[in-house]
Amino acid sequence: MTTELDAVRDTRPSVAAPSDEARSAARRRLTAAIADEPPGLYEHRHRAPFPHGFRATLARVLIPRSQPDNGALRTGNEVLDPRHRRWVATRGVLLPVVSLLVVAAVVAVVVLAGHNSAGLSSATGARPVTLIYRAEATPAQPRVTPRALERTVSIIRSRARQLGVSHVQIHTRGTNEIVVKLAAVHNLSLAENALGSNAEPEVYDWEANVLLPSGTSAASSYRSRTRPPSGSVRAAAAQRPAPRAPVACRSMTRSSWPPVNRTHA
Amino acid sequence: VRTDSALGSGQSDGSIIERSVKDPQAFSVLFERHFDDIHRYLARRIGSDRADDLAADVFVVAFERRATFRTPADVRPWLFGIATNLLRNDSRAERRALTALADLTAAAGDSGAGVVGVQRTEVLEALAALDTDQRDVVLLFAWEGLSYEEIGSALGVPVGTVRSPLARARRRLRKQLAHPTPVAGSDQREVNE
């Protein structure tokens, strides 16, 4: 039995394969997009915010120059300290020393196993790192208030405590910055994620920070009666309308995220 | 851009996307695998010239949103969904393209009855008259051969939600084909634009 859908199927136009020129141009655009993505930025752009409406973006990572680079501090594909290259060149000379250190490290790991987690450690070889988060106003939270900033500090402190990090100093700076000083870090990416990510990985704020052409936030378009407060919607609900957002909205979200600068102090 | 043979050969789309979060270059494999399909889909709906740009947009958008990808294996529905969403910004252009295709079909003397005894030009005009949501579902189903599940995955809606716009679209198509009328306001649109 034939139907109207068969009639539609019958009208399916035959189209030629894309031209080499079109394929090359598209490939160039994708390559440029890949190259434009700074290491580590991706995770930050999609990271859920602290639960006060404003967005806390990791703005700077400070690593003292006086500390030796053991090659452990990496984020994404980037080695933070350029002296890593020199270390690679001279490692042949240091192999005997490294062998001894490995033995010592094994002992340290066994001793510290009960206290260390998420890449944060006070073991030898780690180094102090300062993470500076910068709070940004969003449509859901037009002003970054001192109270919200202080509450975020307490959340970070709580996370650090849960992770077993003892030597951590957290304080606000100026009107919109939170400074987190870690005494010793092995894996910077893990530390950033452990402290800076949302305590509820099921929650996204993507729509809350995207303006539709009408000027309202995408989150306001939800019709669910059980919608959580503005700025935090369930992942399942957030992902449904997200792909339907117009092109204009995508460009707005991208431009609203500052690049992540990693600076050596 | 590394090629499929150098990277990701034999890997599922899902595992490549997962890998591309840490290694962005890995995403280029998906481009090589699916660019032609996506381009053809867009070309069918809006014409080759515009499809060149939009197909490139699809992969840039997909790259930027790759962490939101949830389907375990096949990435095609997801890419079709992104392409469909991008097409919504060009819905008027798509209606013009469908009308133009109907005119071309008539001019080429190919407007005779199709498999169901309906003039192809009438079907194309009926498609142009559908709402965007309904047209998306109908064309993904009839032209691209996606299943209900894949359409649901593409459009980010449950499978049950796919059936109702499809049923509504079928009713409208049936009605339109029974009483064919020119696409409403096509001349007026040209004036406005």
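Naming convention: chains lettered A, B, ... in sequence-line order (proteins, then strands); numbering from 1 in each chain.
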Exercise for the section: Give a yes or no answer on whether the side chain of B:W143 reaches the backbone of A:P13 with a donor-acceptor pair at less than 3.5 Å. Expected result: no
Problem - Which portion of B:A43 sits near chain A, non-hydrogen atoms under 4.5 angstrom - result: both
Exercise for the section: Examine whether an atom of B:D37 lies under 4.5 Å from a heavy atom of chain A, and if so say whether it belongs to the side chain, the backbone or both; otherwise answer neither. Expected result: neither
Can you tell if the side chain of [X] reaches within under 4.5 Å of the side chain of [Y], non-hydrogen atoms only?
{"X": "A:R23", "Y": "B:H39", "value": "no"}
{"X": "A:T11", "Y": "B:L127", "value": "yes"}
{"X": "A:P18", "Y": "B:D36", "value": "yes"}
{"X": "A:R29", "Y": "B:D57", "value": "yes"}

Problem - Distance, nearest 0.5 Å, that separates CZ of B:R170 from CG of A:L5 - result: 4.5 Å
Practice task
Report the distance from atom CG of A:L30 to atom CZ of B:F31, rounding to the nearest 0.5 Å.
Solution key: 6.5 Å
Completion exercise
Bottom line for A:A16: the part with an atom under 4.5 Å from chain B's heavy atoms is backbone
Handout entry: Contacting region of A:A17 [heavy-atom separation from chain B under 4.5 Å]
Key = both
Looking only at heavy atoms, which two atoms of [X] and [Y] are closest? And how far apart?
{"X": "A:R9", "Y": "B:F141", "result": "NH2-CE2, 3.6 Å"}
{"X": "A:A33", "Y": "B:F63", "result": "O-CE2, 3.6 Å"}
{"X": "B:L139", "Y": "A:V8", "result": "CD2-CG1, 4.1 Å"}
{"X": "A:A7", "Y": "B:V123", "result": "O-CG1, 3.8 Å"}

Exercise for the section: Begin from the C-alpha positions of A:E4 and B:R171 and carry the test salt bridge (charged side-chain N to carboxylate O under 4.0 Å, His left out) through to its verdict. Expected result: CA-CA 9 Å; A:E4 52 283 336; B:R171 273 199 300 274; over 6 Å; no
